[in-house]
Every structure is written in structure tokens, then in C-alpha cells.
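Working notes for the structure below.
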Amino acid sequence: MTSIHALCGGMIELDRSSFFSDVAPGTRITIPVMCFLISHPRGHALVDTGVHRQARTDPVGRMGERRASLFGMRSAPTDEVVSQLALLGLAPGDVRYVVNSHLHFDHCGGNEFFPSSTFLVQRAEMDAARRVLGGLAMRYTPSAIDFDHPLDYQLVDGEHDLFGDGQVVLLPTYGHTPGHQSLLIRDGARPRLVCAADACYTRENMDRDVLPNVLWNPSVMRESLAALRKLRDQAGATVFYGHDPAQWETTPQAPAPVM
Ligand SMILES: [Zn+2]
């Protein structure tokens, strides 16, 4: 049986309008960066590595001036993945797979702490991130300092069955970025839980069908959002949104299991 723990990968204060394209700027909200540990009989998989711990103590040094002015770091010292794993009695060396939903700074900040893990990233995501590093401008801001390390990156194309038994599957949910992916956990054949990551920031985005301002391709993102909504509303899966403050409040957090 697969167990799931919700981990805090950071707390960020930002303007609410960045989450909802139809909301006027001027209201600040604090949002969680949700990471997950999936414990399967064949190993532990970490979904996203959150914000790097340096961002809390030295935001400009870590994120640069522009990002540090947009985002206020509101994390407690233990709101980072290595401390969160320790709550479960685990160290980075215990993690077999790291799944990066995408390569924004708040989803791959802790990658460097997992030198012995295999990373699973969509090929389209890595290609786009490397093109940006190469100087090609696009509406997408990956963060070299976060992901560009000599790690074991295994690039996948579309759906990928993590443990080979259909119970933990990477789902392409492109749109927020060129190669964004979510993760589906099944119970036998039944979709049980989806870690949507930034394919859907909050329940409100899904319920009102509102896209955020930060995205790569709106029509592609809307298709991905519709596919996730179908998993929730038709297949009965529980969806974990990437950054939903209300959901975070009511979700059992590590060391307690989600389920
Ligand atoms: Zn993102």
C-alpha cells in the first residue's frame, strides 16, 4: 500500500492577482509550497523539492532582486524539504526518486540536496529551461541556481509509470510551463489522489476555471486544467492543488500521513 505525506516546502507571500488573472492587484496572501513524499513498497518518491532554505535567510542572494521584491519568504526554519523528511525519520539518501513538476524556483530549490536520487523531469521542461539558460527569451523563468546541478536527471516524454505497477503515474499537464507534470496515485484501477502542482494553484482556479497570470500557454494550460477537473469530478480523485492556503490548513501535515 502506498502512503502519502504532505511536506511544507516553504511559505511565500505574494499578490493575489498573480494567482487569478481576473483579480485586481493590491491584496497580499501567504501561500504554501506543497511537496509530497510517496512511500511505495519499491521506494520513496519525493514530489518537488520546494524553495531552497537560503531564500529565507538571504532572499536577494538566492532569488535575485526582482523575485525577492515580488515574493516575501514567510517560511519557518523547518519549512524546507530536508527538515520535513527528518520529521519522518528520513534523510535525502533514502529518497529513490525525485519528481520535479516543473523547474520554477519554488519546485526545485532543494534539488541539490538529493545527489543520490534519480530525478524525473519531462523532456519538454528540461529542453525549455536549457533554452532559457542559453539566452532565448520566453514567458518562462526557470532558475539555473536551483536545477542546474550534476544530478541524475532522467527525462520522460508524457505519461510515466514510476514503479511499474500503475499505482504512481506522472501525468503531463503542460501549459503553466512547457513541460509541467502532475502525479496521479491510483488504488488498483481507481484514481485516488492527484498532486496537481502548478497545473492548478488553488481549488478556486479549478472551480471558477480561472488561469493565473504566470503561465506559458493559456490554451494548453486550460486543457490540462480540464483533465484534472475530470479526474476530480468524474473519477472521484482527491486533488492536491499546488499552493492552496485553505487546503493546506485542513491537510494533515508531516509527520502525520495524508492517508
Ligand atoms: Zn510554477
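Start at 1 and go down the list; that is how both ligands and their atoms are numbered. Residue indices begin at 1 and follow the sequence shown.
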2.8 Å cut-off met by an N, O or S atom of [X] to the Zn ion (ligand 1):
{"X": "His176", "result": "yes"}
{"X": "His180", "result": "no"}
{"X": "Asp106", "result": "no"}

Could you check whether [Y] and [X] have their ring centres less than 6.0 Å apart?
{"X": "Phe163", "Y": "His40", "answer": "yes"}
{"X": "His176", "Y": "His107", "answer": "no"}
{"X": "Tyr201", "Y": "Tyr241", "answer": "no"}

In Asp198, which N, O or S atom comes closest to the Zn ion (ligand 1)?
-> OD2
Taking side chain as C-beta onward, heavy atoms only, is Leu85 less than 4.5 Å from Phe114?
-> yes
Salt-bridged, Asp79 to Arg56, with N to O below 4.0 Å?
->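 No.
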When you draw lines from the Zn ion (ligand 1) to ND1 of His104 and to NE2 of His102, what angle lies between them, to the nearest 10°?
->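 Approximately 90° at the metal, rounded to tens of degrees.
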